[in-house]
Engineer: 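Pasting a structure here, questions to come.
The chains referred to below are lettered A, B, ... by the order of the sequence lines, with proteins before strands, and numbering in each begins at 1.
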Amino acid sequence: LIDSSFSHLLCDVGRWEEAKYESGVKWKFLEHKGPCFPPEFESLPDNVRFYYNGKVVKLSLASEEVALFFGQMLDHEYTTKAVFRENFFKDWRKEMSSEERLLIQDLNKCDFSELHAMHKAKVEARKNMSKEEKLTVEEYGFCLLDHHRERIGNFKIEPPGLFRGRGEHPKQGMLKKRIQPEHVIINCSSESKIPAPPPGHRWKEIRHDNTVTWLASWTENIQGSIKYIMLNANSKLKGEKDWEKYEVARRLKTCVDSIRRQYTQDFKSKQMGTRQRAVALYFIDKLALRAGNEKEEGETADTVGCCSLRVEHITVHPNLDASDFVVEFDFLGKDSIRYYNKVPVEKKVFKNVILFMENKNPSDELFDRLNTAVLNKHLSSLMDGLTAKVFRTFNASITLQEQLKKLSNKSDNPSEKLLSYNRANRAVAILCNHQRAPPKTFDQSMANLQAKIVARKEQLALAKTEFKQAKKENKAKGDAKIQTLVERKKKAVERCEEQVLKMEVQATDREENKQIALGTSKLNYLDPRISVAWCKNMDVPLDKIYNKSQRDKFAWAIDMTEADFVF
DNA sequence: CCTTTCACTTAGCAATCACAAT
DNA sequence: ATTGTGATTGCTAAGTGAAAGG
């Protein structure tokens with residue numbers, strides 16, 4: 001049965017025919033317009049030339065397009081990387097005519113600067129228009145799902161370009177090919193209007209699979225993986241899944257103590273596999289590490305999660321900085337973000353880690369008897385629906401709840417409350433290692449803010465003296481006019497004080513947030529009901545915490561949550 | 001059992017927008 | 001009106017984990 005709180009998502013006109021939710025059947029009716037294709041490439045104007053070895057070379061249409069991809073990226077660091085250049089040049093040559101291939105043998109002799117300049121000019125020109133976007137959204141951005149108009153998340157086919165992997169990706173610079181309708185599978189209801197392919201084209205396949213949520217899909221040529229067009233996060237389908245995810249995490253709360261007791265027991269198991277499983281689980285639980293599926297070597301950047309940790313990623317310290325049994329982690333995780341942490345662990349964990357490292361090379365797996373399938377199989381036997389990633393959700397949400405309780409007071413002023421919320425959010429982001437590159441203008445904007453604070457403080461000092469002056473005059477010959485002046489000056493002082501405080505809090509918040517990304521945890525790990533309840537308890541308007549799209553995404557939580565909600 | 005495929009969530013960066021300061 | 005900035009949105013890569021395939 002669907003929770004009644006979903007009603008506004010499921011039906012905004014009239015009543016339910018039937019208030020029942022058949023698990024497994026995702027939808028009954030799906031109609032859409034199909035994906036939006038990027039414009040075809042047209043050959044460059046004659047005044048935009050490509051030079052090889054100082055001489056103008058008129059390229060064929062296919063190789064010209066690829067050359068433009070490189071030219072567009074010229075001021076990006078990518079284009080200086082050896083792997084990127086090598087992959088690009090190899091793929092570019094595949095698109096060249098045989099004459100071109102004969103002539104163009106060295107990327108270093110290529111001059112894309114006119115292509116680059118044209119691209120920059122185009123970007124500039126687009127700034128001054130960009131209105132037709134709205135029409136596209138209206139036409140392609142929505143679909144009909146179970147007779148409700150729903151927003152589609154990504155309705156555009158990804159345009160061709162050069163693959164930009166993260167970190168040291170072995171395939172960076174490779175040509176990501178243009179997708180034609182002939183590559184695209186459409187999924188819709190058999191009784192719906194079938195989306196029309198672009199003129200002169202046909203779809204690869206029309207499918208009517210109501211057990212999946214995607215509207216269209218195609219296979220991408222770099223990794224051979226499937227790309228999907230799916231609904232926006234504010235849709236019923238995504239909202240329900242989100243709610244389910246947090247409900248599973250809340251169930252973990254009821255049995256996490258016994259699971260922790262069990263893996264602590266397992267630290268001394270006679271089975272090596274069991275010990276490894278226990279230690280891995282300890283790390284996943286304590287440090288919110290990702291599961292760490294195996295990856296195909298040479299296909300992706302070399303990154304790891306818990307189960308795929310290698311000996312070279314950890315260092316053991318019997319004691320370090322007044323702590324005993326410290327394990328030092330240093331590895332690249334998802335998106336090649338570095339995880340660096342020195343963690344005091346239980347003695348038994350420490351001894352086990354040393355044992356797992358014995359007689360191994362640095363490049364050997366730490367948990368050689370364990371993988372994510374084994375771990376998850378074990379976890380599902382402990383609790384229905386439990387997998388490694390649930391621990392991340394659970395620990396993130398429970399941390400937010402605890403931190404909010406610890407940090408915030410109802411008597412705080414609004415900006416202090418907000419700072420507390422952000423700090424609680426930050427504690428989670430640090431736990432989950434959600435980092436960002438410090439903004440390029442960070443130091444400058446920090447200095448600007450400090451200057452503003454100084455200026456405002458001076459203003460405050462001035463306001464204070466004026467206030468005193470007015471009071472003195474009032475004492476001397478207090479007429480009504482002076483009386484109002486005193487009031488006015490008093491107000492000015494208060495206003496200044498308030499503003500200084502607000503800016504100082506803002507400065508603190510920003511400084512602490514320099515390298516931390518709060519968005520990811522807010523969007524994916526924190527049960528929104530915790531935040532909604534906190535806002536109710538603290539009398540903080542919800543839009544201080546969630547912007548419009550976040551409020552839409554969490555509509556289900558906003559609707560169902562009362563102030564007494566506990567995760 | 002192990003590998004591959006598939007569907008979906010999670011992730012950081014880039015582009016764009018909105019709004020304030022000038 | 002212009003410009004600079006932080007906030008928001010868009011993009012798509014990179015994970016997880018179940019199911020299918022061999």
Side-chain angles (χ1 to χ4, degrees), chain A residues 26 38 73 76-78 123 126-127 130 133 137 141 151 153-159 161 163-167 169 171-172 176 185 187 209 211-214 217 219-220 222-233 237-238 241-242 244-245 284 289-296 299-301 303-308 332-337 371-377 379-380 385-393 396 429 432-437 439-442 444-446 448-449 452 506 510 513 515-525 546-550 552-553:
Chain A
K26 306 287 165 85
M73 295 179 75
H76 202 289
E77 200 208 332
Y78 271 118
V123 168
R126 197 161 44 215
K127 256 191 215 156
S130 72
E133 186 68 12
V137 174
R151 187 176 273 273
N154 58 325
F155 51 87
K156 287 177 178 165
I157 295 283
E158 291 174 17
F163 177 74
R164 301 152 83 142
R166 314 262 167 84
H169 202 295
K171 297 192 172 183
Q172 63 188 100
K176 191 171 122 171
I185 303 172
N187 192 28
D209 182 354
T211 69
V212 296
T213 68
W214 51 268
S217 73
T219 301
E220 147 275 333
I222 303 288
Q223 310 284 1
S225 65
I226 308 169
K227 299 273 190 159
Y228 301 94
I229 285 184
M230 288 186 189
L231 295 176
N232 188 282
L237 242 37
K238 296 282 188 191
K241 282 295 277 294
D242 213 29
E244 279 171 22
K245 174 180 80 183
I284 284 170
L289 300 188
R290 295 188 186 84
N293 284 315
E294 316 68 318
K295 311 166 68 185
E296 217 175 325
E299 294 291 302
T300 59
T303 62
V304 296
C306 185
C307 293
S308 50
L332 297 182
K334 184 178 180 181
D335 293 309
S336 293
I337 296 291
N371 61 40
T372 53
V374 170
L375 178 64
N376 281 333
K377 198 169 167 237
L379 290 175
S380 75
L386 186 61
T387 63
K389 82 195 267 277
V390 177
F391 281 88
R392 246 167 107 80
T393 312
C432 294
N433 200 40
H434 291 142
Q435 298 188 24
R436 62 166 184 174
K440 284 188 188 76
T441 56
F442 185 86
Q444 183 58 53
S445 78
M446 211 61 214
N448 290 350
L449 187 58
K452 264 165 95 178
Q506 197 185 1
R510 204 185 290 176
N513 223 33
Q515 303 198 60
I516 313 285
L518 299 185
T520 305
S521 50
K522 199 183 244 186
L523 235 48
N524 300 306
Y525 288 103
Y546 290 140
N547 66 33
K548 179 74 173 76
S549 55
Q550 290 164 341
D552 285 346
K553 168 170 171 156

Engineer: Across the strands shown, which category fits A/A373 at heavy-atom distances under 4.0 angstrom: base, sugar-phosphate, nothing?
Structural biologist: nothing

Engineer: Here's a test of your reading of the structure: between A/Y525 and A/W214, which maps to the more 5' nucleotide of DNA chain B?
Structural biologist: A/W214

Engineer: Would you indicate what A/E220 reaches in the nucleic acid, counting non-hydrogen atoms under 4.0 angstrom: base, sugar-phosphate, or nothing?
Structural biologist: nothing

Engineer: Looking for any heavy atom pair under 4.0 Å, which part of the strands does A/G292 touch: base, sugar-phosphate only, or nothing?
Structural biologist: sugar-phosphate

Engineer: Would you please classify the geometry between the A/F163 ring and the A/H169 ring as parallel, tilted or perpendicular, with 30° and 60° separating the classes?
Structural biologist: perpendicular

Engineer: What does A/S217 touch in the nucleic acid at a heavy-atom separation under 4.0 angstrom: a base, only the sugar-phosphate, or nothing?
Structural biologist: nothing

Engineer: Where the side chain of A/R510 is concerned, which of C/dA14, B/dC13, C/dG6 is the nearest nucleotide?
Structural biologist: C/dG6

Engineer: Between C/dA14, B/dC8, B/dA11, spot the one nearest the side chain of A/T520, thanks.
Structural biologist: B/dA11

Engineer: Between atom CG in A/D552 and atom C1' in C/dG10, what is the gap in whole Å?
Structural biologist: 16 Å

Engineer: Name the nucleic acid region contacted by A/G305, choosing base, sugar-phosphate or nothing; use a 4.0 angstrom heavy-atom cut-off, strictly under.
Structural biologist: nothing

Engineer: In terms of the nearest nucleotide of DNA chain C, which residue is placed more toward the 5' end: A/T387 or A/N547?
Structural biologist: A/N547

Engineer: For A/N154 and C/dA14, give me the distance from atom CG to atom C1', rounded to whole Å.
Structural biologist: 15 Å

Engineer: Would you indicate what A/T300 reaches in the nucleic acid, counting non-hydrogen atoms under 4.0 angstrom: base, sugar-phosphate, or nothing?
Structural biologist: nothing

Engineer: DNA chain C: A/V390 or A/D335, which has the more 5' nearest nucleotide?
Structural biologist: A/D335

Engineer: Just the rounded figure in Å: distance from P of C/dA13 to OH of A/Y78.
Structural biologist: 10 Å

Engineer: Rounded to whole angstrom units, what separation is found between the NZ atom of A/K295 and the P atom of C/dA14?
Structural biologist: 8 Å

Engineer: Could you tell me whether the phosphate oxygens of B/dA11, OP1 or OP2, come under 4.0 Å of any side-chain nitrogen or oxygen in A/R392?
Structural biologist: yes

Engineer: When we call it a touch if two heavy atoms are under 4.0 Å apart, what does A/K548 touch: a base, just sugar-phosphate, or nothing?
Structural biologist: nothing

Engineer: Is A/K334 side chain donor-acceptor paired with the B/dT10 base, going by distance under 3.5 Å alone?
Structural biologist: yes

Engineer: Across the strands shown, which category fits A/K522 at heavy-atom distances under 4.0 angstrom: base, sugar-phosphate, nothing?
Structural biologist: nothing

Engineer: Considering every strand and a 4.0 Å limit on heavy-atom distances, what is the contact class for A/A301: base, sugar-phosphate, or nothing?
Structural biologist: nothing

Engineer: Looking only at side-chain N and O atoms, does A/T387 offer a donor or acceptor that is under 3.5 Å from a partner on A/N376?
Structural biologist: no

Engineer: Using a cut-off of 4.0 Å on non-hydrogen atoms, how would the nucleic acid contact of A/I222 be classed: base, sugar-phosphate, or nothing?
Structural biologist: nothing

Engineer: Output the rounded distance in Å from CD (A/Q223) to P (C/dA14).
Structural biologist: 7 Å

Engineer: So does A/H169 get a side-chain nitrogen or oxygen closer than 4.0 Å to the phosphate oxygens (OP1/OP2) of C/dA13?
Structural biologist: no

Engineer: Of A/V123 and A/N524, whose nearest nucleotide on DNA chain B comes first from the 5' end?
Structural biologist: A/N524

Engineer: For B/dA11 and A/R290 - does any side-chain N or O of the residue sit under 4.0 Å from the phosphate oxygens OP1/OP2?
Structural biologist: yes

Engineer: If we count only N and O atoms by modelled type, under 3.5 Å, do the side chains of A/K227 and A/T219 hold a donor and an acceptor together?
Structural biologist: no

Engineer: Does a side-chain heavy-atom distance below 4.5 Å link A/K389 with A/R290?
Structural biologist: no

Engineer: Please name the pair of heavy atoms, one in A/K245 and one in A/N524, separated by the smallest distance, quoted to 0.1 Å.
Structural biologist: NZ-O, 2.8 Å

Engineer: Can you find a side-chain donor-acceptor pair between A/D552 and A/Q550 that sits under 3.5 Å?
Structural biologist: no

Engineer: Taking the side chain of A/K389 as its heavy atoms from C-beta onward, which of C/dG17, B/dG12, B/dC8 lies nearest to it?
Structural biologist: C/dG17

Engineer: Does a nitrogen or oxygen in the side chain of A/S549 sit under 4.0 Å from OP1 or OP2 of C/dT8?
Structural biologist: no

Engineer: Does A/T303 place a side-chain N or O at less than 4.0 Å from the phosphate oxygens OP1/OP2 of C/dA14?
Structural biologist: no

